[in-house]
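Numbers here simply count residues along the sequence, with the first being 1. Because only heavy atoms are used, hydrogens play no part in the values below, and waters and symmetry mates are left out as well, while side chains stay in.
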Amino acid sequence: VVEHWRARAAEYSQHDWLTHALSRPFLEERLAALCAQRARSLAPVSLVMFDLDRFKNINDTWGRGAGDEVLEMLVSGIKAEIRASDFIGRYGGDEFLLVLDECEGNAALQLLERLRQRFANKPMSVGDNQVRISFSAGIVSVSPGDPLVVKEMLRNAERALINSKEAVRNRTAVAP
């Protein structure tokens, strides 16, 4: 019984209880480890910070249970589109971080457009309702040989996300 609860505690410390995406502390730990590894191997890394557009409206209109379902389906849909070497984590609320290993900016943009089309073309069934979602995103890509500083990457991805949301929603901005 003790081992069972220890294993469950370890799982909950590494994964978000709702979406099963990586938890923020474990996400940042994996990102730091990947950046250290990529600094030696000279491979590119792209970091995508995104959140759902007008997520508060979903919670206000259909309730928090519906919002929870949308977040679960969002993460599940993204996991179906990314490679095994990529990972997604819940950064906070409806904000997520997608780490794309050995992926440069154009490939990251193509993936996001594919995801955007997936969610636009197939509404989510939440109870008796059909919910269409969109997201705003910010991408930072680090080319081989460039320094991989996690805090700087996160800050730049967040700035790009803010730019995306301020300009128009349902779009992706690329950090310089």
Side-chain angles (χ1 to χ4, degrees), residues 5-53 55-56 64 67-68 70-112 114-116 119 133 135-166 171-176:
W5 288 109
R6 240 184 232 153
R8 298 249 345 223
E11 171 69 19
Y12 285 133
S13 71
Q14 294 178 355
H15 293 87
D16 175 60
W17 66 273
L18 175 65
T19 63
H20 304 289
L22 298 178
S23 66
R24 184 171 175 170
F26 191 61
L27 170 69
E28 289 176 346
E29 185 179 309
R30 271 197 66 188
L31 177 58
L34 176 66
C35 286
Q37 183 182 15
R38 288 295 157 251
R40 291 188 303 274
S41 69
L42 297 178
V45 173
S46 289
L47 187 64
V48 180
M49 187 174 286
F50 67 95
D51 69 11
L52 290 171
D53 294 330
F55 181 67
K56 185 179 182 315
R64 293 198 184 280
D68 289 350
V70 167
L71 293 177
E72 287 179 273
M73 288 186 276
L74 170 76
V75 171
S76 178
I78 290 171
K79 284 182 175 179
E81 293 286 334
I82 61 176
R83 303 165 298 172
S85 60
D86 303 329
F87 51 95
I88 184 171
R90 190 170 182 187
Y91 206 64
D94 67 321
E95 194 169 74
F96 293 87
L97 200 61
L98 180 59
V99 180
L100 304 171
D101 188 21
E102 296 187 15
C103 180
E104 293 186 292
N106 285 338
L109 277 170
Q110 289 173 1
L111 170 65
L112 287 174
R114 204 168 56 244
L115 288 169
R116 197 176 306 289
F119 294 122
I133 64 162
F135 59 87
S136 297
I139 298 177
V140 61
S141 293
V142 181
S143 300
D146 288 347
L148 293 161
V149 180
V150 174
K151 285 187 178 190
E152 187 177 318
M153 290 172 66
L154 290 169
R155 190 171 31 253
N156 289 340
E158 186 171 17
R159 276 192 209 120
L161 170 60
I162 291 167
N163 289 342
S164 177
K165 289 167 64 170
E166 286 177 349
R171 69 180 288 267
T172 300
V174 179

Name all residues meeting the salt bridge (charged side-chain N to carboxylate O under 4.0 Å, His left out) criterion together with [X]; count only those two or more places apart in sequence or in a different chain, and write none if there are none.
X: Arg83; result: Asp86
X: Asp53; result: none
X: Arg24; result: Glu28

Nearest heavy-atom neighbours spanning [X] and [Y]:
X: Ala108; Y: Leu100; result: CB-CD1, 3.7 Å
X: Val75; Y: Ala21; result: CG1-CB, 4.1 Å
X: Arg114; Y: Glu81; result: NE-OE1, 3.1 Å

Please report the C-alpha distance between Leu161 and Ser136 in whole Å, then the side-chain angles of each, then the deciding distance to 0.1 Å, and finally whether the side-chain contact (heavy atoms from CB on, under 4.5 Å) criterion is met. CA-CA 6 Å; Leu161 170 60; Ser136 297; 4.0 Å; yes

Start with the C-alpha distance between Phe55 and Leu71, add both sets of side-chain angles, then the distance that settles side-chain contact (heavy atoms from CB on, under 4.5 Å), and finish with yes or no. CA-CA 9 Å; Phe55 181 67; Leu71 293 177; 3.8 Å; yes

Show me the side-chain donor-acceptor pairs of residues 92-99 shorter than 3.5 Å, one per line, residues at least two apart or across chains.
unit_1 : atom_1 : unit_2 : atom_2 : d
Asp94  : OD2    : Leu52  : N      : 3.4

Side-chain atoms of residues 137-157: list all donor-acceptor pairs with protein atoms under 3.5 Å, sequence neighbours left out, distances to 0.1 Å.
unit_1 : atom_1 : unit_2 : atom_2 : d
Ser141 : OG     : Ser46  : OG     : 2.6
Ser141 : OG     : Gly105 : N      : 3.3
Asn156 : OD1    : Arg159 : NH1    : 3.0
Asn156 : ND2    : Glu152 : O      : 3.4

Would Leu22 and Gln14 satisfy side-chain contact (heavy atoms from CB on, under 4.5 Å), going step by step from the backbone distance to the final call? CA-CA 6 Å; Leu22 298 178; Gln14 294 178 355; 5.5 Å; no

Separation between CZ (Arg90) and NE2 (His20), nearest 0.5 Å, reads 11.0 Å

Would you compute the distance between atom CG of Leu27 and atom NE2 of His15 and round it to the nearest 0.5 angstrom? 10.5 Å

Tell me whether the count of non-hydrogen atoms from other residues, nucleotides or ligands lying under 6.0 Å of NZ in Lys56 goes above 12. no

Trace of the side-chain contact (heavy atoms from CB on, under 4.5 Å) decision for Phe135 with Ile78: CA-CA 12 Å; Phe135 59 87; Ile78 290 171; over 6 Å; no

Got Met73 and Ile133 here, is their nearest side-chain heavy-atom distance under 4.5 Å? no

I'd like to check the side chain to side chain contact (heavy atoms under 4.5 Å, CB included) partners of Glu102; sequence neighbours left out, ordered by chain and number. Arg38, Ala43

